J.: 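Can you keep this structure in mind? I'll have questions shortly.
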Amino acid sequence: MGDVIRLSCNSLTFCSSIVTAFSSSLNSFQPILPPNQRLRKGVVSVSDASSVMDSSSSVDFRPRKQLASFKVHATVTETEQPKWWERNAGPNMIDIHSTQELLNALSGAGDRLVIVEFYGTWCASCRALFPKLCRTAEEHPEILFLKVNFDENKPMCKSLNVKVLPYFHFYRGADGQLESFSCSLAKFQKIKDAIVLHSTARCSIGPPRGVGDLNLESLSAPKEKQTESTAT
């Protein structure tokens with residue numbers, strides 16, 4: 001009987017040591033818990049330990065919330081800029097779109113000096129020269145500058161024997177065409193010299209004249225010419 005009681009006491013002592021060791025191991029284990037949960041001190045049951053392990057594992061492996069990224073799309077309103085050949089220096093620089101417009105501009109210029117530029121939108125030399133021509137127009141508001149697009153007025157340009165671009169015609173009142181020549185940016189002084197030469201004070205006698213009036217009129221009214229020739 002004494003041996004049985006001694007064995008029971010030894011068994012209780014061994015079990016107590018196991019529980020103490022398990023409790024100390026749980027106390028040393030510090031899981032990551034939410035702020036509202038705290039680890040209870042004292043003897044922890046197996047069910048409590050499993051709940052702690054479940055909660056810690058759920059916290060450790062919980063995916064972090066990513067901040068939503070916002071993309072800011074800036075809307076920039078760009079005003080359409082005019083093409084280089086569409087820019088005019090002022091009221092004394094006019095675009096010509098037809099033969100009739102050229103005739104009207106020459107007849108309405110009176111005794112003013114008129115410079116007609118024949119250009120191409122694809123012409124690099126025309127583009128390089130154009131800014132300096134605009135400055136010249138600003139410096140001489142008494143001169144009328146007319147711009148003729150070669151591609152839009154090929155029949156008229158061929159009639160006026162325009163074969164090289166840029167090309168310039170000078171007109172003045174009853175004197176009609178004074179001079180014509182091709183000019184590049186490197187030879188722009190040629191235009192300045194012609195302005196000085198043809199800007200001298202004078203009184204024209206008679207109405208303003210254009211160059212190649214007969215050819216220009218035939219281009220501007222081909223139907224009328226055909227009707228007259230048929231009637232004769």
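These numbers come from a predicted model, not from an experiment. Sequential numbering from 1 along the given sequence is applied to the chain's residues.
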J.: Considering non-hydrogen atoms only, spot the tightest contact between Met93 and Ala137 and give its length.
T.: CE-CB, 3.9 Å
J.: List the atom of Ser125, the atom of Ser184, and the distance in Å for their closest heavy-atom pair.
T.: OG-CB, 3.8 Å
J.: Counting C-beta onward and ignoring hydrogens, is there a side-chain heavy-atom pair between Thr136 and Phe145 closer than 4.5 Å?
T.: yes
J.: Testing the 3.5 Å rule here: is there a donor-acceptor pair between the side chains of Tyr167 and His169?
T.: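 Side chains of Tyr167 and His169: no pair found under 3.5 Å.
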J.: Mind checking what makes side chain to side chain contact (heavy atoms under 4.5 Å, CB included) contact with Thr121, not counting sequence neighbours?
T.: Trp85, Tyr119, Asn149, Asp151
J.: Do you know which two heavy atoms are closest between Pro166 and Cys183, and how far apart they sit?
T.: CG-O, 2.9 Å
J.: Nearest heavy-atom pair of Asp111 and Arg172: which atoms, and what distance?
T.: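 Looking at all heavy atoms of both residues, the closest pair is O-NE, 2.9 Å.
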J.: Spell out, yes or no, whether Leu146 and Phe170 are grouped together once hydrophobic residues are joined by side-chain heavy atoms under 4.5 Å, including indirect joins.
T.: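 No, because Leu146 and Phe170 fall into different hydrophobic clusters, even though each may have its own neighbours under 4.5 Å.
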J.: Could you tell me if the side chain of Leu197 sits less than 4.5 Å from the side chain of Ile195, heavy atoms only?
T.: no
J.: Without swapping roles, check the side chain of Ser107 against the backbone of Leu103 for a donor-acceptor pair under 3.5 Å.
T.: yes
J.: Say you draw a straight line from CD of Gln189 to NZ of Lys192; how long is it, rounded to the nearest 0.5 Å?
T.: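 Here the rounded value is 5.5 Å.
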J.: Between Asp193 and Ile191, is a side-chain contact (heavy atoms from CB on, under 4.5 Å) present by the stated rule, with each step listed?
T.: CA-CA 5 Å; Asp193 294 340; Ile191 295 178; over 6 Å; no
J.: When you compare the side chain of Phe150 with that of Leu165, does any pair of heavy atoms fall below 4.5 Å?
T.: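 In short, these two side chains touch, coming nearer than 4.5 Å.
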J.: With side-chain contact (heavy atoms from CB on, under 4.5 Å) as the test, would you mind laying out the steps for Asn104 and Gln100 before giving the verdict?
T.: CA-CA 6 Å; Asn104 294 339; Gln100 191 59 50; 3.0 Å; yes
J.: Distance-only, no hydrogens or angles: does the Arg112 side chain make a donor-acceptor pair with backbone N or O of Glu142 under 3.5 Å?
T.: yes
J.: Given side chains that start at C-beta, do those of Asn153 and Ile96 come closer than 4.5 Å, heavy atoms only?
T.: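 Side chain of Asn153 against side chain of Ile96, heavy atoms only: no contact under 4.5 Å found.
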J.: Taking side chain as C-beta onward, heavy atoms only, is Tyr171 less than 4.5 Å from Leu178?
T.: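 In short, these two side chains do not touch, never coming nearer than 4.5 Å.
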J.: Do Leu102 and Ile115 belong to the same hydrophobic cluster, where Ile, Leu, Val, Met, Phe, Trp and Tyr are linked whenever their side-chain heavy atoms lie under 4.5 Å apart, directly or via other members?
T.: no
J.: Specify the closest pair of heavy atoms between Cys157 and Val148, including all atoms of both residues, with the distance to one decimal.
T.: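 The answer is SG-CG1, 4.1 Å.
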J.: Which heavy atom of Glu101 sits nearest to which heavy atom of Asp95, and what is that distance?
T.: OE1-O, 3.7 Å
J.: Just by distance, do the side chain of Asn92 and the backbone of His140 share a donor-acceptor pair under 3.5 Å?
T.: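 Confirmed, Asn92 side chain pairs with His140 backbone.
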J.: With sequence neighbours left out, what residues match Glu179 under side chain to side chain donor-acceptor pair (under 3.5 Å)?
T.: His198
J.: Kindly indicate whether the side chain of Glu117, heavy atoms from C-beta on, has any atom under 4.5 Å from the side chain of Leu133.
T.: yes
J.: Return the CD1 to CG distance between Ile143 and Leu113, rounded to the nearest 0.5 Å.
T.: 5.0 Å
J.: Would you sort out whether Phe118 and Lys147 count as a side-chain contact (heavy atoms from CB on, under 4.5 Å), showing the intermediate values?
T.: CA-CA 6 Å; Phe118 300 90; Lys147 296 159 51 186; over 6 Å; no
J.: Any side-chain heavy atom of Phe130 sitting closer than 4.5 Å to one from Cys126?
T.: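 Counting from C-beta outward, Phe130 and Cys126 never come under 4.5 Å.
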J.: Parallel, tilted or perpendicular: which describes the rings of Phe181 and Phe168, with under 30° parallel and over 60° perpendicular?
T.: tilted
